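Notes to accompany the following structure.
This structure is a prediction, so every number in the text was calculated from the model and none was measured.
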Amino acid sequence: MLVFRCTQRLLKRLKVGGPFDLPRSSTQLGDWYGNTVFIGRVPLIIFVSETTMLPVVVPLRESRTLVPRFQNALCEILEALKMPQPVIRREFDLDGGSAFGPTASRRVVGVVNELAYQAEATVHSGRCVNPLDLALRLSGVPIGGLEHIVPCEAARMLLAPTAPRRATW
């Protein structure tokens, strides 16, 4: 099951109401924290994996197609990170269903907000052209204090430690 933990603003936008009794995600990347970000007039959702901080960027459109669009974007970024196909299929979690609810970790919400700021700066600089490119650029942003992690490397180490490393720019 894919569990999406969204900010209040995103929950209102998706028209999701309570009460919320969410299970844990059945995937290795864990729950996905999401928030909306407007870059110019383009509304996007930035989702971040709770365990690796790997970002997935999805255009904000109608809410009924959000989960399939998220799954496709997740597959695209995992393919771009050179993950093996069995790992990608397992994280896709087609039959597990999905659930939406409020955030539970202020730390992850802070990461989502920082990546939203980074996304805005990246798009305004003209260095990215689509949501996949933006997600790949954000996945290379170090997160944390002295013991920082790089989300693309954290995802590789968790999902497929023997997978080749992706070249950074």
Side-chain angles (χ1 to χ4, degrees), residues 2-14 16 25 27-63 65-83 88 91 100-159 163-169:
L2 288 171
V3 175
F4 297 96
R5 296 192 173 272
C6 306
T7 60
Q8 289 297 319
R9 187 168 90 177
L10 181 56
L11 286 174
K12 279 186 200 173
R13 183 84 183 226
L14 298 175
V16 176
S25 276
T27 62
Q28 283 188 295
L29 290 174
D31 294 353
W32 289 90
Y33 282 68
N35 195 6
T36 56
V37 59
F38 289 87
I39 299 176
R41 292 183 180 217
V42 180
L44 299 172
I45 303 174
I46 296 179
F47 287 106
V48 173
S49 163
E50 182 177 34
T51 56
T52 64
M53 305 301 162
L54 182 71
V56 174
V57 179
V58 180
L60 179 60
R61 294 187 190 129
E62 63 275 355
S63 61
T65 62
L66 178 61
V67 174
R69 288 185 293 116
F70 169 81
Q71 289 172 319
N72 290 336
L74 177 60
C75 287
E76 287 176 351
I77 195 165
L78 291 177
E79 285 173 355
L81 293 175
K82 301 185 182 342
M83 297 291 170
I88 295 172
E91 290 301 314
F100 289 85
T103 60
S105 170
R106 290 171 45 178
R107 178 179 159 263
V108 183
V109 171
V111 170
V112 172
N113 291 336
E114 175 60 26
L115 289 179
Y117 173 76
Q118 294 283 336
E120 189 172 354
T122 301
V123 169
H124 286 308
S125 71
R127 291 182 298 190
C128 86
V129 294
N130 59 40
L132 175 61
D133 187 35
L134 179 58
L136 285 171
R137 288 191 180 275
L138 293 176
S139 74
V141 173
I143 295 173
L146 295 174
E147 299 173 7
H148 71 273
I149 62 167
V150 178
C152 59
E153 286 302 308
R156 185 182 64 80
M157 292 304 295
L158 176 70
L159 299 175
R165 294 181 77 168
R166 184 176 70 88
T168 55
W169 42 85

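Note on residues 102-111: no pairs pass side-chain hydrogen bond (donor to acceptor under 3.5 Å, both in side chains), not counting sequence neighbours. Applying the salt bridge (Lys or Arg N to Asp or Glu O under 4.0 Å) test to pairs two or more places apart or on separate chains, those with a residue in residues 40-57 are R24-E50.
Atoms CD and CD, on E76 and Q71 in that order, are 12.5 Å from each other to the nearest 0.5 Å. Remark: E79 CD to L74 CG distance equals 10.0 Å, nearest 0.5 Å.
Looking only at distances, a side-chain donor or acceptor of T51 sits under 3.5 Å from a matching main-chain atom of L29. The main-chain N or O of S25 is found under 3.5 Å from a side-chain atom of D31 such that the two form a donor-acceptor pair. Using modelled atom types, no side-chain atom of T36 and backbone atom of L10 make a donor-acceptor pair closer than 3.5 Å.
In this structure, P59 and P43 have side chains that are not in contact, with every pair of non-hydrogen atoms separated by 4.5 Å or more. Side-chain contact between L81 and C152 is present, with at least one heavy-atom pair separated by less than 4.5 Å. Put simply, the side chain of L132 reaches to within 4.5 Å of the side chain of I77, judged on heavy atoms. The shortest side-chain heavy-atom distance between L66 and I45 falls under the 4.5 Å cut-off. Side-chain atoms of L44 and V42, non-hydrogen and from C-beta on, do get closer than 4.5 Å to each other. Using a 4.5 Å cut-off on side-chain heavy atoms (C-beta onward), P151 and P55 make contact. With a 4.5 Å cut-off on side-chain heavy atoms, V141 and M53 do not count as touching. Side-chain contact check for I46 versus N35: every heavy-atom pair is 4.5 Å or farther apart.
N72 meets the side chain to side chain donor-acceptor pair (under 3.5 Å) test with no other residue; sequence neighbours excluded. Annotation: side chain to side chain contact (heavy atoms under 4.5 Å, CB included) contacts of Q28 (sequence neighbours excluded): R90, E91, L158, L159. The side chain to side chain contact (heavy atoms under 4.5 Å, CB included) check on T122 picks up R127, C128, L134, R137, with sequence neighbours excluded. Residues satisfying the ring pair (Phe, Tyr, Trp, His ring centres under 6.0 Å) criterion with F70, sequence neighbours excluded, are F4, W32, F47.
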Self-check item: Step-by-step side-chain contact (heavy atoms from CB on, under 4.5 Å) determination, I39 to H124
Solution: CA-CA 8 Å; I39 299 176; H124 286 308; 4.3 Å; yes
### Query
Does the pair Y33 and T7 meet the rule for a side-chain contact (heavy atoms from CB on, under 4.5 Å), with working shown?
CA-CA 8 Å; Y33 282 68; T7 60; over 6 Å; no
Open item on the list: Between M83 and I88, is the side-chain contact (heavy atoms from CB on, under 4.5 Å) condition met? List the steps.
Closed with: CA-CA 7 Å; M83 297 291 170; I88 295 172; 4.0 Å; yes
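Between V57 and P131 the shortest heavy-atom distance is O-CB, 3.6 Å. Of all non-hydrogen atoms in E62 and R69, the two that sit nearest each other are O-NH2, 3.2 Å. Closest non-hydrogen pair, L14 versus C6, comes out as CD1-SG, 4.4 Å. Residues V58 and A73 share a closest heavy-atom pair of CG2-CB, 4.1 Å. Nearest heavy-atom pair, H148 versus P142, reported as atom, atom and distance to 0.1 Å: CD2-CB, 3.5 Å.
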